[in-house]
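Taking it in order: structure first as structure tokens, then the write-up.
Note that the numbering runs from 1 along the sequence shown for the chain. Order of listing sets the numbers, starting from 1, for every ligand and every atom in it. Computed from a predicted model, the values in this text were never measured in an experiment.
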Amino acid sequence: MPRTPIGPVDATTVPRFAGPATFARLPRIDEVERADVAVLGVPFDSGVSYRPGARFGPGHIRAASKLLRPFNPVQDVEPFAVQQVVDAGDVACNPFDIQEAVGQIDAALREVAGTGAKPMTIGGDHTIALPILRVLHEQHGEIAVVHFDAHLDTWDTYFGAPVTHGTPFRRASEEGLIDRTGSMHVGIRGPLYSRQDLTDDQVLGFQVIGAHDMDDMGWRGAVERIKARVGDRPTYVSLDIDVLDPAFAPGTGTPEAGGLTSRELLNMLRAFADLNLVGADIVEVSPAYDHAEVTGIAAAHAAYELVSAMAPRSAHDA
Ligand SMILES: N=C(N)NCCCC(=O)O
Ligand SMILES: [Zn+2]
Ligand SMILES: [Zn+2]
């Protein structure tokens with residue numbers, strides 16, 4: 001890393017409620033020569049099956065990220081000092097045409113990832129994981145997906161539409177984008193359409209840690225199972241905020257009771273520092289249903305832990 005990274009604006013000299021509206025008050029991508037991690041907003045929610053509003057997620061997560069500080073004590077890393085993290089702005093995607101929007105997301109991702117920056121995408125509904133995985137598959141080959149969600153998102157179609165927020169991982173698996181021996185859902189719960197959903201899901205290459213499993217195995221047990229499954233494969237973390245219980249993340253479109261606590265989620269993400277992370281997303285934050293920034297803050301902290309987990313550690317890839 002040739003240059004000292006440009007970090008966030010110092011909150012001890014410029015108040016947090018002033019200054020840039022970028023994620024964590026980091027520089028914009030055009031203010032640096034190159035970036036290691038790019039936070040990219042995808043304000044798209046035309047793929048939802050229930051409550052809308054995730055198009056306002058990126059702005060909400062950025063606003064809730066203003067209070068983040070530069071040192072992460074649990075991961076023992078300064079995520080914005082040991083790597084250049086930037087805000088790459090928002091993808092302009094067509095809200096009236098899903099296929100065109102998917103193409104626009106693909107192009108924007110290609111531009112960011114083509115510079116060598118790892119994408120940390122903030123959505124947007126879960127549809128956006130499909131174009132992201134297409135681009136990452138071109139770069140890295142088959143991707144191990146660690147998918148945090150209440151929902152499987154491996155359903156086939158809604159109203160005949162194949163590209164929606166309930167279908168990205170079926171399409172990704174059919175297209176050969178994901179490693180069917182290394183992918184996993186975490187936090188699944190709630191009623192399904194039928195038993196067949198689970199058998200289809202298994203064939204598509206996923207193992208499941210259900211939300212109801214968390215009490216017995218605990219977050220440490222879940223991390224052990226995830227690590228045993230993904231190993232050192234190129235790994236993508238797709239985080240649907242509805243994996244959290246509605247008490248911890250009310251601001252989302254398809255809430256399900258009985259979810260994870262934010263503490264369980266953050267602890268799991270902190271343990272991902274030794275995975276081979278190639279990118280991540282946080283999706284389904286719908287601010288109109290949020291209160292007191294509860295969901296936005298959970299999402300901002302999750303992004304902080306993911307960016308910290310991407311940071312080079314002197315012991316290995318620094
Ligand atoms: N990806 C999310 N958040 N939800 C999918 C729910 C699909 C359904 O309405 O059955
Ligand atoms: Zn979900
Ligand atoms: Zn989802």
Side-chain angles (χ1 to χ4, degrees), residues 42-58 60-61 98 101-102 105 121-133 145-173 177-178 183-198 200-201 204 206 208-212 214 236-260 262 264-265 268 279-290 295 298-299 302-303 306:
V42 183
F44 172 83
D45 68 0
S46 307
V48 299
S49 55
Y50 198 52
R51 296 172 175 171
R55 65 181 62 182
F56 296 108
H60 191 62
I61 297 169
I98 295 181
V102 161
I105 298 164
T121 310
I122 50 179
D125 76 48
H126 224 148
T127 311
I128 72 172
L130 179 60
I132 296 170
L133 285 170
V145 175
V146 180
H147 169 219
F148 290 90
D149 206 320
H151 309 100
L152 298 166
D153 290 354
T154 50
W155 286 296
D156 190 10
T157 58
Y158 285 83
F159 298 87
V163 178
T164 76
H165 81 150
T167 59
F169 299 110
R170 179 180 289 248
R171 297 288 93 78
S173 181
L177 311 179
I178 70 166
S183 294
M184 186 126 219
H185 306 292
V186 186
I188 300 299
R189 63 190 187 276
L192 301 173
Y193 294 95
S194 78
R195 273 196 191 85
Q196 185 70 30
D197 294 353
L198 291 170
D200 285 359
D201 186 76
L204 291 162
F206 286 93
V208 180
I209 299 177
H212 62 279
M214 292 300 299
Y236 183 74
V237 176
S238 188
L239 169 51
D240 184 327
I241 205 68
D242 71 28
V243 75
L244 296 179
D245 191 87
F248 296 88
T252 195
T254 46
E256 310 279 349
L260 274 49
S262 353
E264 285 171 326
L265 174 66
M268 283 191 269
D281 66 52
I282 300 182
V283 295
E284 301 286 345
V285 172
S286 183
Y289 299 94
D290 203 7
T295 314
L306 285 163

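A centroid separation of 6.0 Å or more is found between the aromatic rings of H165 and Y158.
The protein non-hydrogen atom at the shortest distance from atom 5 (C) of ligand 1 is D153 OD1, 3.3 Å. Taking atom 10 (O) of ligand 1 as the reference point, the nearest protein heavy-atom neighbour is Y193 OH, 2.5 Å. Among all protein heavy atoms, the one lying closest to atom 8 (C) of ligand 1 is Y158 OH, 3.1 Å. Remark: minimum distance from atom 9 (O) of ligand 1 to any protein heavy atom is reached at S49 OG, 2.5 Å.
Under the 4.5 Å side-chain criterion, counting only non-hydrogen atoms from C-beta, E256 is not in contact with D242.
Within the model, atoms CD1 of I178 and OG of S173 stand 4.0 Å from one another, a figure rounded to the nearest 0.5 Å. In this structure, CD1 in I128 is found 8.0 Å from OG in S238, a value given to the nearest 0.5 Å. With rounding to the nearest 0.5 angstrom, the CD1 atom of I241 is 12.0 Å from the CZ atom of F248. Taking OG1 of T254 as the start and CG of D153 as the end, the distance is 7.5 Å to the nearest 0.5 Å. Atom CG of D197 is separated from atom OG1 of T154 by 7.0 Å, given to the nearest 0.5 angstrom.
In terms of N/O distances under 3.5 Å, ligand 1 is approached by D240. Between D242 and ligand 1, at least one pair of N/O atoms sits closer than 3.5 Å.
Protein nitrogen, oxygen and sulfur atoms, that is N, O or S, within less than 2.8 Å of the Zn ion (ligand 3) amount to 4.
A perpendicular orientation is assigned to the rings of H147 and H126, their planes being inclined by more than 60° (bins at 30° and 60°).
At a 4.0 Å heavy-atom cut-off, ligand 1 does not touch D125 at all.
Near E284, the atoms of ligand 1 lying under 4.0 angstrom from a non-hydrogen atom of the residue are 1 (N), 2 (C), 3 (N). Residue T254 approaches ligand 1 through these ligand atoms, each under 4.0 Å from one of its heavy atoms: 2 (C), 3 (N), 4 (N).
T252 places a side-chain N or O within 3.5 Å of a backbone atom of E284 that can act as its donor or acceptor partner.
Salt bridge absent: D149 and R189 never bring a charged side-chain N and a carboxylate O closer than 4.0 Å.
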